[in-house]
J.: 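Can you read through this structure? Questions will come right after.
Each chain gets a letter, A, B and so on, in the order its sequence line appears, and its residues count up from 1.
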Amino acid sequence: MIQSSPSKPISARKGKGKITNHDYDDLRPTITYRHILSQNLGVRDPLRVIALCDSDAFYAACERVRLGLDPSAPLVVQQWESLIAVSYPARKYGISRMDKVKDAKKKCPNLVAVHVATYKEGEKEPGYWEDIDTRTHKVSLDLYRRESSKIINIMKQSVPSGEIEKASTDEAFLDLSRPVRERLLERYPYLAKLPDDAPEGADSPLPPPPPIDWSQLGELVPLTAQGEESKPQDEISYENDHLTSWHDVALSIGAELVAKLREEIFRQLGYTMSAGIARNKFLAKLCASYKKPNSQSILRNNAIPSYLRPMPFQKIRFLGGKLGDALAKEYDVSTVGDLLTVSLDEMQNKFGENAVWVYELLRGIDASEVKERTALFKSMLASKNLPKPITTLDDGQHWIRVLAAELALRLNDAREEVPTLWPKTIVLHARKGYETSRSKQAAFPFTKDVSVDVIASAGNKLWKELVGDATNVNVTNVQLAFTGIETTETGQQSIDAFFKTKDVQRQPLKRSRDYNEELSRSESDGREKKERSWTSFVCDRCQIRFALRDDQLDWSDDERARALATLQQEHQDFHFARDLENGSLPQKTGSSSRPASKRGRGAEPRGIAKFFGKK
DNA sequence: AACCGGAAC
DNA sequence: GGGTTCCGGTT
């Protein structure tokens with residue numbers, strides 16, 4: 001529990017009373033040959049470059065593109081009577097998300113108001129209907145999910161050696177450290193060679209960086225924040241420090257990459273994006289909103305203190321909630337600068353676990369990684385509020401079917417990318433009247449074909465447990481969800497178990513019904529022969545393992561390798577064809593969705609050789 | 001297995 | 001500001 005402290009003057013508090021240059025030491029590291037030559041790009045890499053890309057008014061943009069409207073058209077997306085997205089042209093009329101459709105139209109008579117797609121009774125797919133009624137329809141966000149994944153795919157193609165983490169439907173983080181490093185060494189080859197007379201060997205600082213022309217690269221967050229008061233004398237002034245660092249060069253290269261990527265997305269899909277480019281995720285996210293829309297902002301290390309200091313800290317990701325409130329109350333302050341005077345000790349006393357993390361954030365430090373997840377999500381939920389409550393079993397079955405249809409569509413959609421996705425459990429939530437919602441769950445059958453019927457019947461079973469079949473129920477909210485979604489790829493044992501037998505090649509899911517039996521059997525069987533690892537491979541892109549047939553297993557090493565190589569080639573062709581179908585450029589052969597850290601840099605054997613390495 | 005609460009958009 | 005979605009922790 002956080003107690004509010006008496007209003008002591010901050011400077012009299014325990015710990016530092018002054019903001020000193022020491023607080024920002026981390027922002028001006030000496031960059032050495034060891035740094036640039038190191039192949040381990042960690043979160044402490046002083047040349048780290050992270051970007052956050054964010055679609056402008058995404059839902060509105062999706063509808064605008066779908067309808068083939070001019071980008072300048074003022075457009076809003078509505079859900080029932082409220083707005084869920086407002087295009088930038090519409091914002092010029094003073095329309096905001098909090099307005100009702102009626103008010104918005106008053107502000108802008110020629111406003112285009114599009115209702116989100118909905119599932120409608122009797123229709124299999126979501127669509128745009130005339131008579132939309134919250135009592136009979138259920139909103140569908142599928143269009144936005146689909147467009148979102150197209151964007152991610154373009155990003156992957158645009159910076160193949162970068163890391164990408166989809167953060168939400170309209171946002172993604174990119175770790176550009178590796179692609180930036182590649183270009184840095186290309187352009188300044190002298191960095192790759194440690195001078196013979198380097199005084200401290202690899203720990204010698206790099207030579208001075210070249211000047212940078214920022215003019216085409218985006219918006220530089222200025223060294224002095226606008227409207228900031230002049231600072232006390234005892235603070236170190238960063239305004240005079242215009243020394244460019246190699247990290248700035250890295251940022252500028254990152255900015256080039258992001259600019260290219262944004263252009264590509266606009267060219268292929270018509271969406272404009274805003275981006276932030278900085279040394280870590282937190283700052284990239286924060287500075288992305290420096291200028292919007294259709295713009296990218298660059299935050300150099302030197303500009304961090306003046307940018308951060310006047311910033312209301314509750315704007316910072318994860319400080320927008322209770323923790324931020326608690327901090328504001330505890331110290332009766334609102335900006336980052338205000339909190340710099342609080343010592344780490346003091347913060348730890350009051351905020352325990354979160355203290356170090358917050359303390360570092362305030363100083364522009366954030367070690368969190370950009371990590372792409374193979375399974376994009378761990379659960380999937382469809383929910384419906386019912387202004388007109390369900391009273392009969394029939395009604396209940398109807399809505400469960402609607403929710404089931406949505407889940408089926410979404411899961412099967414997701415399986416196009418990752419075919420081995422498997423939801424372990426299904427959960428039904430129901431709220432009766434004003435009571436809090438209750439839930440029931442059950443194991444979800446492992447089937448390749450996840451149909452509406454399978455989901456609906458599982459849902460109905462749970463409904464009976466949860467609501468019963470009384471004639472006079474009064475349900476105001478229903479939610480149906482998959483949880484525990486995983487790829488069958490997790491864990492080497494499960495793979496071995498899964499593919500141990502028979503002709504799994506090309507259709508591993510078909511026989512995956514026996515997954516659990518297989519798994520337990522293999523564990524009691526004991527160790528598999530090592531050769532097994534020469535008889536299959538896992539596709540980088542879809543995570544499926546492909547294995548030779550049983551009758552191929554006692555072929556010679558050479559024959560097996562050829563068979564595997566053929567299998568692999570066929571599968572790559574499949575991806576190639578599907579990429580084209582999807583309207584995106586095919587990904588480079590062998591390009592991978594695995595973390596770059598695990599990716600070979602030419603060291604990994606290729607083709608057939610891959611299957612004859614040491615094992 | 002059921003429930004709860006936090007957070008983001 | 002509310003609805004939707006996701007996540008992690010607790011019992």
Side-chain angles (χ1 to χ4, degrees), chain A residues 52-62 77-86 95-101 103-104 115-119 126 134 137-145 148 165-173 274 281-282 285-286 288-289 292 314-327 353-354 357 368 371 373 375-387 402-403 406-407 410-411 414 423-432 435-444 458 461-462 465-466 476-486:
Chain A
L52 181 278
C53 293
D54 180 337
S55 294
D56 301 316
F58 186 51
Y59 290 6
C62 288
V77 182
Q78 64 182 111
Q79 175 177 309
W80 318 131
E81 289 316 306
S82 16
L83 305 187
I84 54 173
V86 182
I95 299 169
S96 88
R97 292 253 306 275
M98 272 156 289
D99 291 326
K100 295 287 181 203
V101 179
D103 304 322
H115 197 287
V116 286
T118 51
Y119 292 88
T134 175
H137 295 57
K138 147 103 187 69
V139 317
S140 156
L141 304 175
D142 291 312
L143 172 65
Y144 316 130
R145 292 193 193 99
S148 172
E165 174 183 339
K166 186 175 172 184
S168 70
T169 14
D170 69 338
E171 282 183 351
F173 286 102
S274 298
K281 284 173 83 172
F282 145 64
K285 164 87 181 161
L286 196 61
S289 58
K292 284 184 167 187
Q314 297 193 320
K315 278 193 187 169
I316 294 173
R317 211 161 71 121
F318 299 123
L319 294 184
K322 293 202 164 181
L323 183 55
D325 281 345
L327 280 164
E353 290 223 336
N354 296 313
W357 176 73
S368 58
K371 50 170 191 282
R373 291 166 291 186
L376 269 55
F377 33 72
K378 290 170 181 157
S379 66
M380 186 183 277
L381 177 141
S383 116
K384 174 65 187 168
N385 282 333
L386 301 143
V402 172
L403 299 177
E406 176 170 352
L407 288 184
R410 283 173 58 191
L411 185 72
K424 285 223 251 320
T425 49
I426 181 168
V427 190
L428 178 76
H429 288 256
R431 188 174 75 230
K432 294 183 193 168
E435 293 173 35
T436 59
S437 148
R438 316 200 127 256
S439 71
K440 280 279 179 199
Q441 57 186 304
F444 190 73
K461 207 180 271 179
L462 292 171
E465 291 178 40
L466 193 60
T476 52
N477 172 271
V478 208
Q479 307 183 340
L480 198 58
F482 287 138
T483 63
I485 299 173
E486 282 176 13

J.: How close or far is atom C1' of dG2(C) from atom CH2 of W80(A), stated in whole angstroms?
T.: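 My rounded result for the distance is 14 Å.
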
J.: Starting from P on dC7(C), measure out to CG on L381(A) and report it in whole angstrom.
T.: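 Value for this atom pair: 11 Å.
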
J.: At their closest point, which heavy atom of F444(A) faces which heavy atom of P423(A), and how far apart are they?
T.: CB-O, 3.5 Å

J.: Nearest-Å distance, CZ (R410(A)) to C1' (dC6(C))?
T.: 10 Å

J.: Quickly work out the R431(A) CZ to dG2(C) C1' distance and round it to whole Å.
T.: 12 Å

J.: Report, as a single string ordered 5' to 3', how protein heavy atoms within less than 4.0 Å touch nucleotides 1-9 of chain B: B base, S sugar-phosphate only, - not at all.
T.: BBS--SSSS

J.: Minimum heavy-atom separation for Q79(A) and V139(A), please, with both atom names.
T.: CG-CG1, 3.7 Å

J.: Taking the nucleotide of DNA chain C with the nearest heavy atom to each, does V139(A) or M98(A) sit closer to the 5' end?
T.: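 Between the two, 5'-proximity favours M98(A).
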
J.: Any idea which heavy atoms bring Y59(A) and A85(A) closest together, and the distance?
T.: CB-CB, 3.6 Å

J.: Just checking Q79(A): base, sugar-phosphate only, or nothing, at a heavy-atom cut-off of under 4.0 Å?
T.: sugar-phosphate

J.: Given atom CG of L480(A) and atom P of dC6(C), what is their separation to the nearest angstrom?
T.: 13 Å

J.: May I ask you to decide whether K322(A) forms a salt bridge with D325(A), counting only side-chain N to carboxylate O separations under 4.0 Å?
T.: no

J.: Considering the options L381(A), I426(A), V427(A), which one meets the side-chain contact (heavy atoms from CB on, under 4.5 Å) requirement together with L480(A)?
T.: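 Considering L381(A), I426(A), V427(A), a side-chain contact (heavy atoms from CB on, under 4.5 Å) with L480(A) is found only for I426(A).
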
J.: May I ask you to evaluate whether N385(A) reaches the phosphate of dT4(C), defined as a side-chain N or O under 4.0 Å from OP1 or OP2?
T.: yes

J.: Tell me the interatomic distance from K100(A), atom NZ, to dG3(C), atom P, rounded to whole angstroms.
T.: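 To the nearest whole Å, that distance equals 9 Å.
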
J.: In whole angstrom, give the distance that lies between atom OH of Y144(A) and atom P of dT4(C).
T.: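 In whole Å, dT4(C) P and Y144(A) OH are 14 Å from each other.
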
J.: Roughly how many Å is it from CZ in R145(A) to P in dT4(C), rounded to a whole number?
T.: 12 Å

J.: Tell me whether K292(A) at atom NZ has more than 12 heavy atoms from other residues, nucleotides or ligands lying less than 6.0 Å away.
T.: yes

J.: Just wondering, more than 12 heavy atoms not from K166(A) lying within 6.0 Å of its NZ?
T.: yes

J.: Taking only side-chain nitrogens and oxygens of S379(A), does any of them come within less than 4.0 Å of OP1 or OP2 of dC7(C)?
T.: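 Looking at the OP1 and OP2 atoms of dC7(C), one of them is under 4.0 Å from a side-chain N or O of S379(A).
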
